[in-house]
Amino acid sequence: MRSGARAAVVGGVFAVLIGTAGCGGGSAASGSKDTGGADEKPAAEQVRTGPPSAAEVKATAGDFLAAWAAGDTAKAAGLTDDTEGATAALASFRRDAHVARLALKAGRGTGASVPFTVNAQISYAGQRAPLAYSSALEVVREEVSGRPVVKWRPSVVHPKLGPGDALKTGPAEAPPIKALDRNGKELRAADHPALKSVLAGLRERYGKKAGGKAGVETWVARAKGKGGKARPDETLKVLSKGTPGTLKTTLDAGLQTVAEQAVNKRAKASVVAVKPSTGEILAIANSPANGFNAALQGSYAPGSTMKVISSALLIDKGLARYGKPHPCPKYFSYGGWKFQNDKKFEIKGGTFEQSFARSCNTAFISQAPKLSDDALTKEAREVFGIGLNWQAGVPTFDGAVPVQKDAPKAASLIGQGGVRMNPLNMASVAATARTGVFRQPYLVSPSLDGRTLAKAPRSLKPATSKQLRDLMRLTAMSGTAAQAMAGVPGDIGAKTGSAEVDGQEKPNGWFTAYRGDLAAAAVVPAGGHGGDSAGPIVAQVLRAG
C-alpha cells in the first residue's frame with residue numbers, strides 16, 4: 001500500500017490509514033524461487049531467520065491494521081503469533097465495546113515497533129461517541145515458519161489492557177459516586193490525582209450502596225484473579241452521565257494534599273497516614289500518581305522498620321529491655337550466613353535502646369538462635385494484625401511474615417528474608433506501637449456494608465508498649481530518624497529502614513513514625529537510607545497533621 005492510501009470496505013463502515021514513514025523501505029520477500037528445469041525437483045524452501053526486515057515490518061503491520069479495520073478478524077488474527085488470543089480479543093473489541101466505525105493509522109516506527117492511532121466510533125442504544133487513542137505493535141519472526149507476524153499482546157487493542165482484560169460499552173456496572181472526606185469536602189481525581197485508582201475502587205464497591213444511578217460508559221473491565229481484582233475497572237468514555245451517590249470516607253482532604261506534595265518530590269514513592277486511636281486512613285499518595293497503588297497494595301521488604309515488631313517480640317520473650325546491656329557486634333553468623341551492620345559499625349558495651357536507635361542489625365540477628373521458627377510470625381499476626389485479611393473498603397495487601405528457619409529466620413528480624421510490607425502496613429505498625437492496640441485501618445465505615453474489621457488476638461503488654469514508645473522516641477530525637485524528625489513537635493516516635501534488593505544499586509528507603517494521634521509510613525524504592533529518602537516525606541505529613 002502506498003503512503004497515504006486508504007483501504008475501505010464496501011459501505012465505508014471501516015477504514016484504515018497506513019502511514020509508512022519510518023516503517024522501512026523496500027518490498028517484502030516474495031518467497032518464490034526458480035525451480036530450474038521441469039525435470040528437476042524443487043529445492044527445500046529455506047526458513048528465514050533473524051529479525052524481520054524493515055520491509056517485512058512495514059508490510060506485516062500494514063496488512064494487520066488493514067484487516068483489523070476492515071472487520072476481518074480471522075485474517076488479522078492469522079497475522080499474529082497467537083491466533084486464538086488475537087481472535088478473542090479483536091472479536092470482543094467490536095462486540096463488547098460496540099465499535100461501529102474504526103480507522104487505524106500507522107506512525108513512525110523504530111525497528112520492529114510500529115505505533116498507530118485508533119479512531120473509533122462507539123454506538124450503543126442510539127448513543128454515539130468517538131473514542132481515540134494511541135497504541136503500538138511489534139513485528140517478530142515466527143520460529144517454525146519464519147514468517148513475520150505481529151507479537152500478540154492485549155495492549156495492541158488498547159494500551160491499558162492486560163491479560164484477561166476487555167473493553168466494554170453499556171450501562172456502567174456501578175453508578176458514579178461523589179466521594180467526601182471526613183469533613184464533607186468532595187474528593188475529586190482532578191484535585192487529587194493520587195486518589196484516581198482509590199476513587200475508582202470505591203465506586204466499584206460502593207456505587208450501588210451510595211444510592212447513585214448508572215450511566216452508559218465505555219470502560220476497561222479488569223480480569224479477576226485470585227482474591228479478586230488487582231486493579232479496579234477504569235472508565236474511558238462516558239456516553240451518558242449517571243446520577244452519583246454520596247460516599248463519605250475517612251480521608252482528610254488537607255492532609256491528602258500534603259501527602260501528594262510530599263511524594264511528588266520523588267520519582268517513585270508512597271505514603272499512608274492513619275489515625276492510631278481509630279484506624280481511620282487519613283491520606284494515601286503514590287508517585288507516579290497513575291501507577292500501581294503501592295501505598296495500599298505494594299509488597300516490599302520493610303528493612304529495619306520491622307525492628308518495631310522484632311523489638312516487641314524480644315521484649316516479650318525477655319531477650320531485650322530498654323536500659324539493659326545488649327550486644328551489637330560488627331558481625332554475627334547464623335544459619336550459614338554472615339550478617340553485618342551498615343558500614344560494619346559496632347557498639348561496644350551498648351544497650352538495647354542504643355542498638356535500636358542506631359539500627360544495629362546484629363543486635364537482633366544474635367537473638368535468632370533463642371527464638372522458635374514461628375515466634376516472629378505469631379507476634380506480627382497476633383499483636384500487630386499483620387496478614388489478618390483486613391477489610392479496609394478498598395483492596396489492600398495486609399503484610400506477610402512467613403514462618404522461616406535458619407538464616408532466613410534471622411533475616412526476617414531485620415525486615416528481609418520473606419517479610420513483605422507496604423506503607424499502609426507500616427503506618428499501622430507505628431499506630432499499634434503508639435497505642436498498644438491494633439486497630440485495623442479502614443477507608444469507609446464498616447457500618448455502610450456490615451464489614452467486620454480484623455482484630456488481633458492480643459494487645460501489647462503495657463510494659464512492652466511503653467518500651468516501644470521510648471525506643472521510637474529516642475530514635476526520633478537522637479537516632480537515625482533525628483534529622484528527618486527535627487522540628488516535628490509533640491509526642492513523637494520513629495524508625496528508619498533500608499531494604500537491600502537484588503539488582504538495585506541502592507536499597508529501598510523506609511520510614512515509619514507517629515506524632516500524637518497521627519501515624520505515617522513511606523517507602524522510596526531505590527531511595528537509599530530511609531532517614532534521607534522516606535523520612536522527609538513522613539515528617540512533612542506529620543507536621544501538617
Side-chain angles (χ1 to χ4, degrees), residues 259 262-263 269-276 279 281-285 294-296 298-312 356-357 359 364 379-380 383-386 397-399 401 413-416 419-436 438-439 441 460 465 468-477 479-485 488 490-499 507-525 527 529-543 545:
V263 297
S270 302
V271 67
V272 172
V274 302
K275 189 173 183 179
I281 300 173
L282 303 177
I284 305 163
L296 302 185
S299 175
Y300 305 92
S304 290
T305 56
M306 183 65 185
K307 290 173 183 173
V308 175
I309 298 178
S310 299
S311 293
F356 185 92
S359 204
F364 291 83
E379 188 80 14
V383 178
F384 290 86
I386 299 301
F397 170 67
D398 309 325
V401 184
L413 291 167
I414 59 172
Q416 300 270 183
V419 178
R420 294 294 180 268
M421 301 283 185
N422 56 43
L424 174 65
N425 308 146
M426 293 314 304
S428 177
V429 167
T432 301
R434 169 67 181 81
T435 64
F438 167 71
R439 294 181 175 88
L460 281 167
S465 180
L468 273 188
R469 291 195 300 272
D470 290 343
L471 290 169
M472 294 182 72
R473 180 171 179 80
L474 180 65
T475 306
M477 299 297 291
T480 56
Q483 183 174 347
M485 293 292 282
V488 178
D491 178 17
I492 60 174
K495 185 68 191 79
T496 61
S498 300
N508 292 340
W510 279 91
F511 200 95
T512 186
Y514 61 78
R515 173 198 171 198
D517 200 20
L518 177 63
V523 62
V524 179
H529 289 290
D532 299 327
S533 58
I537 295 173
V538 171
Q540 185 173 340
V541 171
L542 294 181
R543 289 190 190 98

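For this chain, numbers begin at 1 and follow the sequence in order. Atom set for the values below is all heavy atoms of this structure, side chains included, hydrogens, waters and symmetry mates excluded.
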Over all atoms of both residues, closest heavy-atom pair of I537 and A269
CD1-CB, 3.8 Å

Considering all heavy atoms of both residues, which atom of A521 and which atom of A427 are nearest to each other, and what is their separation?
CB-N, 3.3 Å

List for me each residue that meets ring pair (Phe, Tyr, Trp, His ring centres under 6.0 Å) alongside Y300, sequence neighbours excluded, and say none if there are none.
none

How long is the span from the CD1 atom in I492 to the CE atom in M472, to the nearest 0.5 Å?
10.5 Å

What closest approach, in Å, do A273 and L518 show between heavy atoms, and which atom pair accounts for it?
CB-CD1, 4.0 Å

Salt bridge check: are D491 and R469 linked by an N-O gap of less than 4.0 Å?
no

Evaluate the side-chain proximity of L413 to M306: yes if any heavy-atom separation is below 4.5 Å, no if none is.
no

When you look at I309 and M421, which way does the side chain to side chain contact (heavy atoms under 4.5 Å, CB included) test go after all the steps?
CA-CA 12 Å; I309 298 178; M421 301 283 185; 4.2 Å; yes

For the residue pair I414 and S310, establish whether any side-chain heavy-atom pair is separated by less than 4.5 Å.
no

Hey, does the side chain of T432 reach the backbone of S428 with a donor-acceptor pair shorter than 3.5 angstrom?
yes

So, do M426 and V272 sit near enough that their side-chain heavy atoms are less than 4.5 Å apart?
no

Donor-acceptor contact present, side-chain T305 to main-chain W510, <3.5 Å
no

By ring pair (Phe, Tyr, Trp, His ring centres under 6.0 Å), F364 pairs with (sequence neighbours left out) F352

Of the non-hydrogen atoms in A294 and N422, which two are nearest, and what is the gap between them?
O-CB, 3.6 Å

Does V523 reach the side chain of S270, with side-chain heavy atoms less than 4.5 Å apart?
yes

Give the minimum heavy-atom separation between P441 and V274, together with the two atoms involved.
CB-CG1, 4.4 Å

If you look at every heavy atom in A433 and S465, which pair is closest and at what distance?
O-OG, 4.0 Å

With a 4.5 Å cut-off on side-chain heavy atoms, are E379 and I386 touching?
no

Answer whether the closest heavy-atom distance between the side chains of F384 and L460 falls below 4.5 Å.
yes

To the nearest 0.5 Å, atom CZ of R473 lies from atom CE of M485 at 9.5 Å

Under a 3.5 Å cutoff, is there a donor and acceptor pairing between the side chains of S359 and S304?
yes

If you measure from CG on L282 to NZ on K275, what distance do you get to the nearest 0.5 Å?
7.5 Å

Taking salt bridge (charged side-chain N to carboxylate O under 4.0 Å, His left out) as the definition, give me every residue that meets it alongside D517, ordered by chain and number, with sequence neighbours left out.
none

Quick one: does T475's side chain get under 4.5 Å of K307's, heavy atoms only?
no

Check for a donor-acceptor pair, side chain of R515 on one end and backbone N or O of G545 on the other, with a separation under 3.5 Å.
yes

Side-chain heavy-atom pair V308, F356 within 4.5 angstrom cut-off:
yes

